[in-house]
Amino acid sequence: MGSARSKGQSVDSAQRAPELTGAARGERSRGAMLRLRLMVFVVAACAGVWLSALFDTLQDRDITLLTAERQHDNVAGALAEQAARALQATDLVLKQAALLDPGASPSPAALARVPDLLRRHVSGVPQLRNLFLFDPARHLHLSSAPPGSASADLSDRSYFIAQRDRSDLGLFVSEPLISRVNGQPTFVLSRRLAGPEFRGIAGATVDIPYLRRFYQALDLGSGSITELLRADGLTLVSRDRAGIDPGPSPWLGALRSLGSAEALHLALEHPQLGRSRLSLRRVPGYPAIVAVGRAEHEILGSWRARAWNNAGRTLAFTALAVALLIAFLRQLQRHERVTAQLHQSQKLEALGTLAGGIAHDFNNMLGAVLGYGELAAQHTEPGSPVRRYVDNILVAATRARDLVARILAFSRPGIGASGPVGLQKLIAEVHNLTRAALPAGVTVEVDAPLGPIVVAGDAAQLHQMLANLVTNAVQAVQESGRVVIRTATVEIDNTRDCTVGHLRRARYARVDVIDSGVGMTASQVERIFDPFFTTKPVGEGTGLGLSLVHGIVLDHGAALQVDSAPGRGTSFSVYLPLSEREPAQELPPASAPSGNGETVLVVDDEEALVRLAEEVLASLGYEPVGCLGAREALEVFRAAPERFDAVLSDVLMPEMTGPELVRELRRLRPDLPAILMSGYGGPDLQAQAQAAAVQAVLMKPLAAVELAHCLAGVLAEGRRRAAAASAELV
């Protein structure tokens, strides 16, 4: 890639970087919208499931109560039919017994036969215990009970009084009472004996335990009731209560609700059961009512179990949905993080391509400055003003060369020699470099421990990172403010993510660069590492400094935390891995080895660099032959291939690249030593150099000492190979 191509790619890269930034923002916006939609969908789905479960549960409750109501109605209907048959049979026996009245003047023989006839009637009806005729006025007291067990006087019984006082009463059902014959609970059905005047009653005692045992066979479950009631609410037979309840009837309210209806289902508060569901059914033809019911709490027992199971399943589904949502959101977050890293890598790649194109042209200019500066230094007296000026030019040019090399790190991440670096020395160099250009009202303070702190990394990259952070801090405080550079060793106990990078459990060197500037908003902090993004006014920043910092931090396995708020300044905290080794001692610069008149072919597409290389090589004791471009070099070399001892060629030239030129030259001279020069290494430079079998690759701009050592080593290696080949021939 020559100069023209580098300029074209520079423009293209400058256009692509904002596009990548916009794509990243769009990706973040789409991710946030996707998360919101997914959360709304899951919440709506869970709410729908819970509402459906609630609806099904309430519907199941109604069905459970309705099923219980139907069951109660069926049981009450069956018991009413059974009670009607039992009362009908009893009433029939009672009517037949009333016909056995021996009259006003009974004969002793007729009276003697009546008890046997009464016992004969009772024997066919199991619920009857005693059948009797009674009238104290006529001294009529005949009973189916064994002789001597019947009571001689029943005139105090309510059923006798009711029949005596009301001639139109007909069949009368008494309240429950204790039989004077056998001491068991019973109730009495009675009728008046026929005649115009009161001539006594015929009565039949019904065995309550017999009916109770029949009711107990129809168990509806715990909390249920089954009772036979008189029309006024008195309990005649209770399935669960063997004795007689003398208290007020709990059924009066229910009977008032029943009115003249044949059947009724209702909910009421029962004194013992609480809120209950009750079915009432009249006994056809008789003043009796069957009550069948159950407490709602007991009815809903199975429903509650199903409701809890349903709630458990719904909860499990909801928990699964939430777990899947959380897992998906985490996966989406990881995807966004990877996508953000990809966008960042693409932005850095675009910036690296842009930097490579710029670096190629800029290194050519720097090469001329450095080369002619070194030549000027060789021809000036040490200590003279001119020598001082030249030395300052060389220092500035060297710094510019280092800056270009650091910019190129975007396209070649991770390059550089990692080793132990003294942090205090690095901070002192950055401080001295920054202090020379500080505004009048800005101060930079350094707070570092006396003991050495050694970190692992590339000294040039770490220097560039700290220099960018301090420069940004100085610019942030503007005309008046304070910048503090603080360093210390810290122990990280828990892993955590930082603004850039990830901290693990280890010991780090922490460097804080704190300014008292205006600070930044959260949205600005999110974008400060984007290439070409800057918070500075137009013309005061390029937006590349923190992008460099971002790449250097990741290359070193370090982490960086940014804390900032409007009006409160900004703090950049860099966590660098510590090193157990000691920093290497700087060696004094070695003297440049001289040549012995060897002829070197110099090829470049910049005429100024060709002329400079000729002068530098000549000053080092070589005979240079400069050529402008690969085509001219081929013509010169074809004229006398054996004349040249080595070739020094630029890599990127418009007509033919350096590796291609080396291959063409070696078709004419296979043993020709070759050295390549490049202002922009690029990711494929080493592969191209190995494919062309060149002996060395030098990065522009070249220093005379570096060129001298490389060329001397290549020529010495070539002589050793030639001597070895001659020895084999001999």
Side-chain angles (χ1 to χ4, degrees), residues 30-80 218-227 239-240 250-251 253-259 261-282 289-333 335:
R30 287 191 295 271
M33 183 61 66
L34 178 59
R35 280 194 296 272
L36 178 60
R37 290 178 178 175
L38 184 62
M39 292 175 65
V40 170
F41 173 77
V42 172
V43 169
C46 291
V49 170
W50 276 105
L51 289 175
S52 176
L54 178 61
F55 176 79
D56 291 342
T57 301
L58 295 178
Q59 190 178 39
D60 186 32
R61 182 180 185 274
D62 294 338
I63 293 173
T64 302
L65 293 175
L66 181 60
T67 302
E69 176 183 343
R70 291 175 178 172
Q71 183 185 24
H72 297 164
D73 285 342
N74 293 335
V75 173
L79 292 179
L218 300 173
D219 188 7
L220 300 178
S222 60
S224 62
I225 53 175
T226 303
E227 295 187 354
R239 185 199 66 187
D240 301 305
W251 305 109
L255 295 181
R256 282 195 293 267
S257 300
L258 176 62
E262 293 296 322
L264 177 67
H265 185 85
L266 73 162
L268 80 164
E269 291 292 334
H270 191 272
Q272 286 79 35
L273 302 180
R275 184 165 181 81
S276 304
R277 294 294 176 120
L278 181 69
S279 290
L280 299 176
R281 182 67 67 93
R282 289 187 183 277
I289 299 167
V290 173
V292 177
R294 194 179 182 192
E296 280 192 2
H297 179 77
E298 298 297 335
I299 295 174
L300 296 176
S302 60
W303 168 81
R304 283 193 298 273
R306 292 193 299 272
W308 280 114
N309 289 335
N310 193 18
R313 289 193 298 269
T314 306
L315 181 62
F317 173 80
T318 305
L320 178 61
V322 172
L324 291 176
L325 174 63
I326 294 174
F328 185 82
L329 290 178
R330 288 182 177 177
Q331 185 64 30
L332 182 61
Q333 186 179 18
H335 171 73

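- Annotation for Leu264 and Ala254: closest pair CD2-O, 4.2 Å, computed over non-hydrogen atoms.
- The main-chain N or O of Val292 is never found under 3.5 Å from a side-chain atom of Arg281 such that the two would form a donor-acceptor pair.
- Note that the CG atom of Leu324 and the CZ atom of Phe317 stand 9.0 Å from one another [nearest 0.5 Å].
- Summarising the geometry, atom CH2 belonging to Trp303 is positioned 9.5 Å from atom CG belonging to Asp62; distances are rounded to the nearest 0.5 Å.
- Note that the CD1 atom of Ile289 and the OG atom of Ser279 stand 13.0 Å from one another [nearest 0.5 Å].
- Considering Leu278, Ile225, Leu220 as possible partners of His72, the one that fulfils the side chain to side chain contact (heavy atoms under 4.5 Å, CB included) test is Leu220.
- Side-chain atoms of Leu54 and Thr314, non-hydrogen and from C-beta on, never get closer than 4.5 Å to each other.
- A donor-acceptor pair is defined here as one N or O able to donate and one able to accept, closer than 3.5 Å; no such pair exists between the side chain of Asn310 and the backbone of Arg306.
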- Item | Test side-chain contact (heavy atoms from CB on, under 4.5 Å) applied to Leu266 and Leu280, step by step | CA-CA 8 Å; Leu266 73 162; Leu280 299 176; 4.3 Å; yes
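- Atom CD1 of residue Ile63 and atom CG of residue Asp56 lie 9.0 Å apart, to the nearest 0.5 angstrom.
- For the pair Arg239 and Ser224, the tightest heavy-atom approach, listed with the atom from each and the gap, is NH2-O, 2.8 Å.
- Residues Glu296 and Arg61 meet the side-chain proximity criterion, which asks for heavy atoms closer than 4.5 Å.
- Note that OG1 of Thr64 is 10.5 Å distant from CD of Gln59, once rounded to the nearest 0.5 Å.
- Cys46 and Thr318 get closest at one heavy-atom pair: SG-CG2, 3.7 Å.
- How far CG of Leu300 is from CG of Leu65: 4.5 Å, rounded to the nearest 0.5 Å.
- Contact of the His265 side chain with the Arg70 side chain is not registered, since no non-hydrogen atoms from C-beta on lie closer than 4.5 Å.
- The shortest heavy-atom contact between Leu258 and Glu262 is CD1-C, 4.3 Å.
- Closest heavy-atom contact between Ser276 and Ala295: OG-CA, 3.6 Å.
- Panel note: side chain Arg294, backbone Arg277; no donor-acceptor pair is recorded below 3.5 Å.
- A 4.5 Å side-chain heavy-atom check between Arg35 and Phe328 finds every atom pair outside the cut-off.
- Side chain of Thr57 to main chain of Phe55: no donor-acceptor pair is present (N/O by atom type, distance under 3.5 Å, no hydrogens or angles).
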